[in-house]
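As the structure lists them, so they are numbered: ligands from 1, and atoms in each ligand from 1. All residue numbers in this chain count up from 1 along the given sequence. All values derive from a computational prediction rather than experimental measurement.
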Amino acid sequence: MPLAKRTLELIEEIYPICRSITGNGVRETLARVGRQIPVEVHEVASGTRMFDWTVPPEWNIRDAYIADSTGRRIVDFKRNNLHVMSYSVPIRARMRLEALRPHLHSLPDRPDWIPHRTSYYQENWGFCLSHRQLESLPDDEYEVIIDSELKPGALTYGEYRIPGASSEEFVLFTHTCHPSLCNDNASGIALLATLAGELAKQKPRLSYRFVFAPTTIGSIVWLARNGNAISSIRAGLVVGLVGDAAALTYKRSRRGDTEVDRIAIQVLREIDPTSRSIDFTPLGYDERQFCSPGFNLPVGRLTRSVNGGYPEYHTSADDLGLMRTEALAESLLAVSRILARVDANRRFLNLNPQCEPRLGDRGLLGNLGGGVTRTEMEQAMLWLLNQSDGRHGISDIAAASGLSPETLDSAAIGLVGADLLREMGPAPDHSRGVG
Ligand code: ZN
């Protein structure tokens, strides 16, 4: 099955689940992801201190509704889980509209959509409904039921690591905390699950770690618990909002010109000239934590629309109708090409550095595959030989020569086989002033 279609199917499967930053909706989502990849589930107890934060109590909900005086459920969590403000404390009461009104949330500008509201760190309760319905509510006595639980439990996140030849890691993070919203972020969860399944079939050079966790508190918890792994992070991407029709958007890391920044911007340019790159800001998703100054990691973000950047954002209209198979396919292509380019971005040492070696005599310009011409291959070899002084990686040589990293990669494999180059490990990190 095409990967985009498989991704869409997983989106359809997890879309109805009521997720939040903690609770059974997250566990159920990870269990569905676990049918595709062996994701390891971690539980961190409520009350655990993590940097300046504390893991919140766990929230679960069974049912919630508002019924009118005839007993008819006019707002029903079972019809759409966005109807309840996430983290609503339990309530069981009868009240007039006037008392209920401050707990009702709607979008006057989008009168048919239900907003998504949360109150994670302040005890409160609320219902969300279309503005049209809110306006039409008669003065009546309403029965208000939220059958939820907010008590000590755990925060749940999932992790899947694919070991490569190197212990250096590429981290991919996506947020799992949003309820029935498709682009934000059933799309990110499903895309990373699909991609991880494909990558596990290959033999990557780098190791890959996929993290499925709630936004903010999830990345904070992950960073606090993975002190050892952090020093091995070669690059990372926060991935989300990858299924809508908007053009791809890359948000640079705080450092701005790291390997992943340069490669991601180049890949997006190749895939879609209308794609864009934006500078780092301390607002958005979990790149804020990875790029906090105490970590300052080479972690960028890939989305299509950005947070807050499309009308359906955080509303019931962010539904399956917003998903585009072509967009998912393009997002999959972008992420997998970024990973492949970083994976292949290594440096070499020329073992025959005094004048050019004779390539033809070594049979290096014979059987060329993959549509690469003899001229391109020869150029790639000459560029590699000239620049392989240990200070330039494949990505640098691609930028200088205009040749594709894939051509340079296969040329390098040939030169290593002919004992003209020796692999020296990952490309230097110029953003730290090295090389
Ligand atoms: Zn969001």
Any side-chain heavy atom of Tyr313 within less than 4.5 Å of one from His116? no

Verify, without hydrogens or angle tests, whether Ser130 (side chain) and Trp113 (backbone) share a donor-acceptor contact under 3.5 angstrom. no

Among Thr176, Asp286, Thr174, find the one that has a side chain to side chain donor-acceptor pair (under 3.5 Å) with Thr215. Asp286

Counting only protein N, O or S atoms and ignoring waters, those under 2.8 Å from the Zn ion (ligand 1) are His178 NE2, Asp184 OD2, Tyr285 OH, His314 NE2

For Arg254, give me all partners under side chain to side chain contact (heavy atoms under 4.5 Å, CB included), at least two apart in sequence or on another chain. Phe280, Cys291, Pro293, Asn296

Would you find a donor on one side and an acceptor on the other, under 3.5 Å apart, between the side chain of Asp140 and the backbone of Tyr142? no

Strictly distance-based, threshold 3.5 Å: is any side-chain N or O of Glu287 a donor or acceptor partner for the main-chain N or O of Tyr285? yes

